[in-house]
Amino acid sequence: MVVLITGAGTGLGQALALALAKRGATIILVGRRSAKLAHSTGLITQAGGQAWPIVCDLSNQQAVEALANQIKQRYRQLDLVIHNAAILAGGAFEHLPEEQILPAINANLVSPIWLTRQLLPKAILIVGSTVSRVAMPGASLYSLSKAALEAWALALAAETTIRVVRAYPPASKTAMTAAMAKQSGHRFPLAEPNHVGEHIIRRYLAGETEIILSINDKLIFWLQRYSPKLLQALLKRFHRQLIKLWSA
């Protein structure tokens with residue numbers, strides 16, 4: 001199995017790579033920082049897998065095109081592409097720096113679409129979020145990109161033979177969540193990335209197409225479906241706290 005994972009230098013991307021490496025997969029590691037990718041490569045090699053690290057800024061479309069061309073020179077078709085990398089760009093919408101808007105949308109939405117179109121793998125796995133379905137105050141751009149990516153993926157699943165899987169991991173111990181906890185001034189339970197990555201890959205290999213791991217997400221998604229007015233009222237009531245949380 002040959003798999004490409006974006007955002008593979010740290011956190012959940014690295015955890016997903018390790019889970020696949022333990023099963024003998026060859027992993028194409030994509031990320032912005034060579035040192036982080038080198039560390040992930042070493043871990044994968046120790047786990048019995050093979051790794052090919054490639055530095056790429058996914059907010060740059062020319063860099064993404066070069067990445068796709070580089071991969072196609074070595075592999076005719078990939079078994080799986082995991083779209084994991086994302087830029088948060090959180091905070092109150094009116095205060096977001098204009099220079100953050102396009103890079104966030106390019107990295108979170110345009111690049112996954114472009115990569116998939118160029119590579120046409122057998123399957124894609126989208127690492128989603130609570131905001132893929134429930135738009136959050138303070139995460140307007142993140143909500144936009146995640147929701148749009150999910151809509152695109154569902155259309156892709158209906159019109160092609162590409163297997164599309166959507167995963168919704170719980171909040172995990174990453175640099176982003178640590179910054180969010182510090183920004184909000186509150187501690188909240190965080191899952192271990194390796195544990196989350198293992199569960200996602202196990203359920204992916206079992207044939208699931210929608211992987212929801214968190215009870216909280218199940219509850220929020222239920223509210224969104226059956227009581228949207230109540231959910232919107234709650235988001236409105238706590239919008240200041242949520243903006244502060246997403247401002248990390």
Side-chain angles (χ1 to χ4, degrees), residues 11-12 15-16 82-96 104-105 108-109 112 124-158 164-174 176-193 195-200 202-204 206-248:
L12 185 56
L16 292 166
I82 299 180
H83 296 300
N84 168 69
I87 295 175
L88 177 56
F93 178 71
E94 62 183 309
H95 297 140
L96 284 178
I105 292 175
N108 301 356
L109 176 61
I124 63 171
L125 190 158
I126 293 175
V127 177
S129 164
T130 306
V131 303
S132 299
R133 297 187 180 181
V134 180
M136 292 278 180
S140 55
L141 286 183
Y142 198 54
S143 298
L144 161 69
S145 57
K146 287 292 188 180
L149 189 64
E150 179 162 313
W152 162 78
L154 289 171
L156 188 70
V164 175
V165 179
R166 294 167 294 148
Y168 305 90
S172 305
K173 294 179 181 178
T174 65
M176 185 178 80
T177 54
M180 291 173 72
K182 183 178 180 180
Q183 176 72 17
S184 66
H186 297 284
R187 292 184 178 182
F188 38 85
L190 297 173
E192 290 290 342
H195 181 74
V196 175
E198 177 64 28
H199 273 278
I200 289 175
R202 188 183 304 165
R203 291 173 64 171
Y204 168 82
E208 295 188 33
T209 56
E210 183 185 62
I211 302 169
I212 305 174
L213 298 179
S214 166
I215 294 176
N216 290 336
D217 278 344
K218 290 180 180 179
L219 174 59
I220 292 173
F221 295 163
W222 186 91
L223 283 172
Q224 174 73 352
R225 182 172 182 178
Y226 295 105
S227 189
K229 289 184 178 179
L230 172 60
L231 180 58
Q232 286 302 311
L234 290 171
L235 294 175
K236 187 71 174 177
R237 178 178 179 182
F238 295 103
H239 75 278
R240 290 187 178 84
Q241 294 93 321
L242 289 167
I243 289 173
K244 186 176 180 180
L245 175 68
W246 289 99
S247 296

Spacing of CD1 belonging to Ile243 relative to NE2 belonging to His95, to within rounding of 0.5 Å: 9.0 Å
- prompt: Should the heavy atoms of other residues, nucleotides or ligands under 6.0 Å from CZ of Arg202 be counted, would the total exceed 12?
  reply: yes
message: To the nearest 0.5 Å, what is the distance between CD on Gln224 and CD on Gln232?
response: 6.5 Å
query: Under the ring pair (Phe, Tyr, Trp, His ring centres under 6.0 Å) test, which residues partner Trp152, sequence neighbours left out?
result: none
field: Non-hydrogen side-chain atoms of Tyr168 and Glu150 separated by less than 4.5 Å
entry: yes
- request: Starting at CZ of Arg133, measure out to CG of Asp217 and round the result to the nearest 0.5 Å.
  value: 9.0 Å
- prompt: Which heavy atom of Pro169 sits nearest a heavy atom of Ile200, and at what distance?
  reply: CB-CD1, 4.2 Å
- request: With Arg166 as reference, evaluate Ile211, Val127, Thr209, Leu154 under the side chain to side chain contact (heavy atoms under 4.5 Å, CB included) test and give the passing residue.
  value: Leu154
statement: Between the NZ atom in Lys146 and the CG atom in Leu141, the distance rounded to the nearest 0.5 Å is 13.0 Å
message: Return the CG to CD1 distance between Leu16 and Ile82, rounded to the nearest 0.5 Å.
response: 5.0 Å
message: Angle between ring planes, Trp222 versus Tyr226, binned at 30° and 60°: parallel, tilted or perpendicular?
response: tilted
message: To the nearest 0.5 Å, what is the distance between CG on Leu149 and CG on Leu144?
response: 10.5 Å
task: Kindly indicate whether the side chain of Ile126, heavy atoms from C-beta on, has any atom under 4.5 Å from the side chain of Ser132.
output: no
task: Looking only at non-hydrogen atoms, find the nearest pair between Ser129 and Phe221 and report the distance.
output: O-CZ, 4.2 Å
message: For Asn108 versus Ile87, what's the shortest heavy-atom pair and its separation?
response: OD1-N, 2.6 Å
- prompt: At their closest point, which heavy atom of Leu125 faces which heavy atom of Ala167, and how far apart are they?
  reply: CD2-CB, 4.0 Å
query: Just by modelled atom types, is the Leu109 backbone N or O under 3.5 Å from a matching donor or acceptor in the Ser145 side chain?
result: no
message: Is any side-chain heavy atom of Glu208 closer than 4.5 Å to one of Val165?
response: no
statement: Taking every heavy atom of Leu12 against every heavy atom of Pro193, the minimum-distance pair comes out as CD1-O, 4.0 Å
message: On a heavy-atom basis, which atom in Ser140 and which in Leu96 lie closest, and how many Å separate them?
response: OG-CD1, 4.3 Å
task: Measure the shortest side-chain to side-chain distance between Leu223 and Val134 over non-hydrogen atoms and say whether it is less than 4.5 angstrom.
output: no
